[in-house]
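For reference, the structure is listed below as structure tokens.
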Amino acid sequence: MHRTGVPPSRFTFSSVLNACARLPAILEGKQVHKRLIQSGLLPNNKIVETTLLDMYAKCGFLDDARKLYDEMGEKNSVTWVAMIAGYGKCGDVKEARSVFDCVRETEDASCWAAMVACYAQNGCAKEAIDMYMEMRAREVKISDVAIVGALSACTQLGDAELATTLAADVGRLCRGRGVFVWNALIHMHAKCGSLDLARKEFNAMKERDVITYSTMITALADHGQSQEALSMFQQMQNEGLRPNEVTFISILNACSHGGLVKEGCESFELMTSVFGIRPLAEHVTCMVDLLGRAGQLERAYNLVMENVELANDPGIWGAFHAACRLHGDVEMGEMAARKLGEMDPEDPGNQVVLASGYASNSDWQAAEKVRKMISGKGTKRSPGCSWISG
DNA sequence: ATAGGGTTAG
């Protein structure tokens with residue numbers, strides 16, 4: 001960038017820092033930091049300092065971000081939010097909260113929103129809702145970010161009553177709502193039990209994106225409407241939207257729920273051949289589940305072997321093992337049990353699996369007793385539900 | 001012209 005002899009401007013530095021943050025690429029980011037100091041643009045340039053801080057935070061180097069933050073003197077809401085979000089992304093809710101506590105007296109709406117989002121992203125649904133309610137009580141401005149955090153928290157809680165309240169808030173407070181709000185709203189309705197409301201919001205949208213469709217596909221599958229999920233997938237492609245790896249997890253999951261073996265295999269093929277998406281462990285797990293439940297254990301096994309780079313994934317072997325049990329294939333089941341035991345011997349679920357895996361063909365019933373003893377539970381299992389977790 | 005926060009699977 002300095003071939004021309006013209007020294008890079010602060011704008012050039014900023015866009016390079018943004019690229020480092022997005023990748024993320026900490027080594028390059030640190031290089032830029034050095035050159036900023038060499039070229040005299042630092043210190044005493046708040047915007048450049050904040051960009052740098054955000055780069056460190058997005059790369060997960062919160063200590064470096066914190067150092068800049070502490071040395072910065074006067075802060076503003078952009079700095080605070082970058083710190084809160086940075087701590088939130090690496091799961092440090094406590095530190096995020098301590099930054100928030102330093103500024104909460106200013107009633108800065110973006111800090112409140114960032115904190116609600118941080119709670120929601122880290123599974124602290126209750127705290128997110130409490131904070132959102134406090135925002136309402138104190139009449140802090142509710143932005144799209146704040147409401148999305150609250151919707152996501154409610155989704156985690158599956159609280160239908162709260163869902164009604166929040167949906168009304170969306171109508172009241174977010175008139176020019178963006179696609180993030182729509183998507184979070186649809187997801188909340190679906191998980192809180194109302195596929196109808198999810199559908200209604202979906203139909204009212206004028207601009208949908210990949211996430212909108214992925215969310216609806218999962219919603220339909222969860223409510224037992226696998227065929228509709230497949231139509232949704234088709235509609236999405238007709239709209240010219242490109243499915244991503246999460247969309248395919250949704251669609252394979254829908255096929256698995258509905259026992260749609262042919263459609264599932266076609267979708268998997270479409271994903272790898274047409275869209276060039278390399279299968280993740282989640283995709284293979286769905287396929288093993290789908291084929292395994294249909295009794296096609298050998299096909300399931302072959303699929304795992306075709307994706308042997310994922311063969312250390314416990315989820316895949318767990319699904320395979322469950323299928324072996326469902327169809328009484330003792331030999332394959334033992335093999336899967338050994339794999340699980342090798343992968344994570346400490347896992348109590350795997351110890352249970354291993355106990356049954358040690359059994360010889362004639363000893364299957366004895367193994368069943370051992371297993372019952374260890375788990376301390378009965379053997380009731382519902383179709384489609386792994387006996388390990390059940 | 002340069003800075004921040006969010007939604008999908010599991």
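Naming convention: chains lettered A, B, ... in sequence-line order (proteins, then strands); numbering from 1 in each chain. When reading the values below, keep in mind they use all heavy atoms of this one structure, side chains included, and skip hydrogens, waters and symmetry mates.
Contact check, A/His187 against B/dT7: no side-chain N or O comes under 4.0 Å of OP1 or OP2. Between B/dT2 and A/Asn45, no contact under 4.0 Å exists linking OP1 or OP2 to a side-chain N or O. An OP1 or OP2 oxygen of B/dT2 is reached within less than 4.0 angstrom by no side-chain nitrogen or oxygen of A/Asn18. Using a 4.0 Å cut-off, some side-chain N or O of A/Lys89 falls inside it from OP1 or OP2 of B/dG6. When the side-chain nitrogen and oxygen atoms of A/His283 are compared with OP1 and OP2 of B/dA9, none of them lie within a distance under 4.0 Å. OP1 or OP2 of B/dG5 has at least one side-chain nitrogen or oxygen of A/Lys58 nearer than 4.0 Å.
In this structure, CZ of A/Phe233 is placed 14 Å from C1' of B/dA9, rounded to the nearest angstrom. In this structure, A/His189 atom NE2 and B/dT8 atom P are separated by 15 Å, rounded to whole Å. Rounding to whole angstrom units, CZ of residue A/Phe268 and P of B/dA9 are separated by 20 Å. Between the CZ atom of A/Phe13 and the P atom of B/dA1 there is a distance of 21 Å, given to the nearest Å. Separating the CD1 atom of A/Ile186 from the P atom of B/dG6 is a distance of 20 Å, rounded to the nearest angstrom. Look at CE on A/Met83: it is 12 Å from C1' on B/dG4, rounded to the nearest Å. Between the P atom of B/dG5 and the CD1 atom of A/Ile84 lies a distance of 11 Å, rounded to the nearest Å. A straight line from CG of A/Leu185 to P of B/dG6 spans 19 Å, rounded to a whole angstrom.
Closest to the side chain of A/Ala117, from the set B/dA3, B/dG6, B/dT2, is B/dG6. Minimum atom distance to the side chain of A/Val148 is reached by B/dT7, of the listed B/dG4, B/dT7, B/dA9. Candidate nucleotides B/dT2, B/dG5, B/dA9 were compared by shortest atom distance to the side chain of A/Phe11, and B/dT2 ranks first. Checking B/dA9, B/dT7, B/dA3 against every side-chain atom of A/Thr50, the shortest atom distance belongs to B/dA3. Here the nucleotide nearest the side chain of A/Thr215, chosen from B/dA9, B/dG6, B/dT8, is B/dT8. For A/Phe180, the side-chain atoms get nearest to B/dT7 when compared with the rest of B/dT7, B/dG10, B/dA3. Taking every side-chain heavy atom of A/Lys191 into account, B/dA9 is the closest of B/dT8, B/dA9, B/dA3. Closest to the side chain of A/Val246, from the set B/dA3, B/dT7, B/dA9, is B/dA9.
In the displayed structure, A/Glu266 atom CD is contacted under 6.0 Å by more than 12 heavy atoms of other residues, nucleotides or ligands.
Within the nucleic acid shown, A/Asp54 comes within 4.0 Å of sugar-phosphate atoms alone, with no base atom in reach, counting heavy atoms only. Counting any heavy atom pair closer than 4.0 Å across all strands shown, A/Ser110 reaches a base atom. Contact annotation for A/Val181: base contact, defined as any heavy-atom pair under 4.0 Å involving a base atom. Residue A/Ser9 is classed as having no contact, given no heavy-atom separation below 4.0 Å to the nucleic acid. Nucleic acid contact class of A/Gln121 (heavy atoms, under 4.0 Å, all strands): sugar-phosphate only. When heavy atoms are screened at a 4.0 angstrom cut-off, A/Thr212 is found touching no nucleic acid atom at all.
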Any chance you could lay out the side-chain hydrogen bond (donor to acceptor under 3.5 Å, both in side chains) test for A/Arg97 and A/Tyr119, step after step, and finish with the verdict?
CA-CA 9 Å; A/Arg97 177 70 201 222; A/Tyr119 278 135; 3.2 Å; yes

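Aromatic ring pairs are classed by plane angle as parallel below 30°, tilted from 30° to 60° and perpendicular above 60°; the pair A/Trp112 and A/Phe100 is perpendicular.
In this model, a side-chain donor or acceptor of A/Asn76 finds a partner on the base of B/dA3 within 3.5 Å.
Using a 4.0 Å cut-off between charged side-chain N and carboxylate O, A/Asp63 and A/Lys67 make no salt bridge.
Relative to the six-membered ring of A/Phe202, A/Arg208 meets both conditions, a distance below 6.0 Å and an angle of at most 45° to the axis.
Between A/Ala294 and A/Val261 the shortest heavy-atom distance is CB-CG2, 3.7 Å. Smallest separation of non-hydrogen atoms from A/Ala96 and A/Cys118: CB-SG, 3.8 Å.
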